[in-house]
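Keep in mind that the numbers below use all heavy atoms, side chains included, and drop hydrogens, waters and symmetry copies. Order of the sequence lines sets the chain letters (A, B, ...), proteins ahead of strands, with each chain counted from 1.
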2 protein chains.
Amino acid sequence: MKKSTIQDVADLAGVSITTVSRVINKNYPVKESTRLRVNSAIDKLNFRPNLLAKGLIQSCTKTIGIITPSIENLFFSEVIKGIDSFIRPMGYSTILCHSEGDNKSEVDMIHNLLNRQADGIIMIDPRKENIDSGFIEDLSKSIPLVLINGFYDGVKCNYILNDATSGVIEALNYLLGEGCTKVTLLRGKHSYSYDIKEEVYRDFILKKSDYCKVLSIDEGNDLKSVNSAKLKVISALKEKKSAPDGIICCNDWMAVGALHAAKSLGIKVPGDLRIIGFDNTIISQITEPDISTVDQQMTILGQLAAKRIYTMMTTDDHEIQKIFLETKLIIRNS
Amino acid sequence: MKKSTIQDVADLAGVSITTVSRVINKNYPVKESTRLRVNSAIDKLNFRPNLLAKGLIQSCTKTIGIITPSIENLFFSEVIKGIDSFIRPMGYSTILCHSEGDNKSEVDMIHNLLNRQADGIIMIDPRKENIDSGFIEDLSKSIPLVLINGFYDGVKCNYILNDATSGVIEALNYLLGEGCTKVTLLRGKHSYSYDIKEEVYRDFILKKSDYCKVLSIDEGNDLKSVNSAKLKVISALKEKKSAPDGIICCNDWMAVGALHAAKSLGIKVPGDLRIIGFDNTIISQITEPDISTVDQQMTILGQLAAKRIYTMMTTDDHEIQKIFLETKLIIRNS
DNA sequence: TTGTAAGCGTTATCAT
DNA sequence: ATGATAACGCTTACAA
C-alpha cells in the first residue's frame, strides 16, 4: 500500500493538483461539486499531506521544540503540560526532547530541532555549560527562543522565571523563625537555577548566621537523585557539631532523599531537623510527614513561555523580555 | 541572519552543491583540499542541512514517534528512556507525544506523525477505543508499529507485553496466602492493560473465593488519580461487611491513593488492609509504609520495543510478533 | 472556478 | 574527483 500523493488524488478526482491543494487548505473558493469529488478521492486513497514538502516550501513547520533535562521530575511534566495547553490549540505541535542533564545532548537536540526547521524552541532549565559558552545566546539570535528558569544576568534572552530569590528567602525566614540555627542548602550540579538559589542562600544566610553550608549532588533531576541526596544528607547529619538542623532542597526529589536520610538515622522531622523542598509536586504530599515546599506555579510558567514564543513567532516582536512569576511557600509537616 | 543553504556553501567554497553534499554525507571520495574548503565555508556560514528537504527526497526521516498517555507516570518515563537508550545510538531521533489519555488526541498525534513521515511509531498503552475501532490495526499496515502493553487478542500487531497474567496472579496468591479474604482490584478506564488485569483477576478470584469486586476511577495515569483513587477506596472501605482487606492497584499512583485512604480512616496497613501496586516506580519506595508492587522492567520493555521497531524499519521483517516480559512481585511493607 | 509552471533545499543519477 | 540536472511532494504566483 504505497503512500499516495496529491497527484494521485488529482488524477482520481480528475482535477489539477492545485485544486486539490485548495480543497485541503480551504484557502481559495472551489466549486462544491468538485470539492466533494476531491474529498472522496482523498478518502478513497487515504491521502495524507506530506508535511516535509509543505514545510519546505512555506519555511514554517508549525512546530516548536521543548528541551527539558528530564521527564522524571514532575516539575518538568507540569511545565510541559502548561506549554502544550496553550500552544496546541493554536495549531502547533511540540517535539519534546529530554537531555538527561547532559549538555552535549542538549546541543545535539537543539541542532536536530534547527535542522527540522522548528519554528521556535523553549528550554526548561538549560545546562549551565551551554549558557556559559555563549551557545544559547547565539541560538536566540537565529530562532525564537524562550528559557524557563535559566536566567543569567549577562545573557540576552527571553526568560520566564520563578522569582527564586523570594522563594529561597521565604524558606530561610521560615526556618530561622522556627529556631533553626544551622540551615544548609542541598543542590545539584550544572544548572543555573541551582546557582541562583545558592547565591541567594549565601547572601542571605551570612547576614543572619555564621553557619553557611552547601551540599551538592551530581544530577538533580533523575530518580537516582533521591538516593544520592539521601547519602549526601546522611553524611552531613553524621558530622557532630556542624550537622544541620534545617535543609532547603532545590527540588522535591532531593527533599524526599533528605527525609529518608533523617529517618534512617532516627532523626525526627520536623522535631530535630526541618526540611523544605522546591516545586510543590505531588511527591511532597505523599511522604510522611508531608513536605513543606516552595510552589512554583509550573502550569502557568509553561503557559507564559508558550504565549511569549507564540508572540515572537507570529509577530515581529523579538524584544528581550524577562517575565517573573511569584513563588509561594507551602507549609506542611516537615 | 538568513539561513544559508547548500548553494551558499557551494558558492563560497567555489564548488558545486553535489560536492558539498558529498562532504556533508561522507558517502563519496572528495579531495582533501576541497573538503577543507567546503568545511570552512560550512563553518563560516553556520550552515545546517535542512532535514525536510533531505527527508523529502529520501522518504526516510530517521525519526520514530512515541505515543504515551501521560508524562506524569514514571512507568512511562522509564519505558521512554529505555526506547531512547536503544534507538538514539542508532542515529534515530524520537518525537514524544502525550495524549493525556484522550483517544481523539491519540489519533491526531498519530496523523501528525504520519504527515511528518515518521519511520515508525511506538505506542505505550494505547487507548482502548482506538483498538476497538480498528484504527490501530489499520495503522500497523501502513507503518512499522509496536505496541507496548496494549494487547488485544484479535488485533494483529507487534506487541511487547508484560505478562500481566503472571503479575496479577502472583499478587493474588500472595494476598490470599497472607490470609486476605476480600481482595479487590482498583483500575482506571480506557486501557486494555487494565482490562487484562481485570479479566485475570476475575477468572482467578472466582475460583478461590466468592468475593469479587472491581473499583474503577476515571483517568489512571495523571496526578489526579492519586486523589480519585483515595476517594474511591475510602468509600469502599466504609462499606461495613463488604470492605476489602486487600487491594491490587493497577499502578503505583493508585496504590498511593489507596494507602492514603486507609490512613485517613485509621485503618492499619498492612495489618487491616494489604495494598499491592503495579510498576515498581520509585513512588512505591518513598511512602510509609513502602508499597509492595509488581515490577514490570520498564527499561527493558522500552528497549525491546525499540529493537523490534528498528528491525522492522531496517529489514523487510514485518511479521507479527508478540514478545512477553516477566513481571516480578516485590514484597515490601504494605 | 480552475490550471500551468516555478520553486522550496536537498540527494541521486549520469556525465565528464 | 567533480558537476549538471532531475527528482521528492507540496504551495503559490500568474494565466486562462
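One atom, CD of Q117(B), and another, P of dC8(D), lie 14 Å apart when rounded to the nearest Å. Straight-line distance from the NZ atom of K26(A) to the C1' atom of dT11(D): 17 Å, rounded to whole Å. Put simply, CG on L45(A) is 14 Å from P on dG9(D), counting in whole angstrom units.
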### Query
When you look at S105(A) and R88(B), which way does the side-chain hydrogen bond (donor to acceptor under 3.5 Å, both in side chains) test go after all the steps?
CA-CA 11 Å; S105(A) 296; R88(B) 291 193 56 214; 4.5 Å; no
### Task
Evaluate side-chain hydrogen bond (donor to acceptor under 3.5 Å, both in side chains) for Q117(A) paired with S59(A), printing each intermediate quantity in order.
CA-CA 7 Å; Q117(A) 315 299 112; S59(A) 354; over 6 Å; no
### Task
Apply side chain to side chain contact (heavy atoms under 4.5 Å, CB included) to the pair L161(B) and K322(B), showing each step before the final yes or no.
CA-CA 7 Å; L161(B) 300 164; K322(B) 235 184 304 178; 3.9 Å; yes
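Classification of D84(B) and K81(B) as a salt-bridged pair fails, no side-chain N sitting under 4.0 Å from a carboxylate O.
No option in I64(A), D119(A), I121(A) other than I121(A) meets the side-chain contact (heavy atoms from CB on, under 4.5 Å) test with I143(A).
Annotation: side chain of I67(A) is in contact with side chain of L113(A) (closest heavy-atom distance under 4.5 Å). Contact check for S140(A) versus K156(A): no side-chain heavy atoms found under the 4.5 Å cut-off.
Counting only distance, with no hydrogens or angles, the side chain of R37(A) and the backbone of A13(A) share a donor-acceptor pair below 3.5 Å. Side-chain atoms of T68(B) never come within 3.5 Å of backbone atoms of I124(B) as a donor-acceptor pair (strictly under, hydrogens ignored).
Remark on the helix from dT1(C)-dA16(D) to dT16(C)-dA1(D): inter-end axis angle 40°, axes from five-pair C1' superpositions, rounded to 10°.
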Pick out the pairs of N or O atoms, protein on one side and nucleotides 12-16 of chain D on the other, that lie under 3.5 Å.
residue, atom, partner, partner atom, Å
dT12(D), OP1, Q58(A), NE2, 3.4
dT12(D), O4, T18(A), OG1, 3.4

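Partners of S191(B) by side chain to side chain donor-acceptor pair (under 3.5 Å), not counting sequence neighbours, listed by chain and number: D125(B), S193(B). N158(A) meets the side chain to side chain contact (heavy atoms under 4.5 Å, CB included) test with V146(A), R308(A), M312(A), I320(A), Q321(A); sequence neighbours excluded.
Near DNA chain D, defined here as any heavy-atom distance below 4.0 Å, there are no residues from residues 47-54 of chain B.
Considering only side-chain N and O atoms, S16(B) lies under 4.0 angstrom from the phosphate OP1 or OP2 of dG3(D). For T19(B) and dT2(D), the shortest distance from a side-chain N or O to OP1 or OP2 is not below 4.0 Å.
S59(B) comes within 4.0 angstrom of nothing in the nucleic acid, heavy atoms only.
Between T5(B) and F47(B), the shortest heavy-atom contact is C-CE1, 3.4 Å.
Toward the 5′ end of DNA chain C lies the nearest nucleotide of V15(A), the other residue of the pair I24(B) and V15(A) mapping further downstream.
More than 12 heavy atoms of other residues, nucleotides or ligands lie within 6.0 Å of CG in N27(B), so this atom counts as buried by the packing criterion.
Mapping heavy-atom proximity under 4.0 Å, the span of DNA chain C touched by chain A runs 5' to 3' from dT1(C) to dG9(C).
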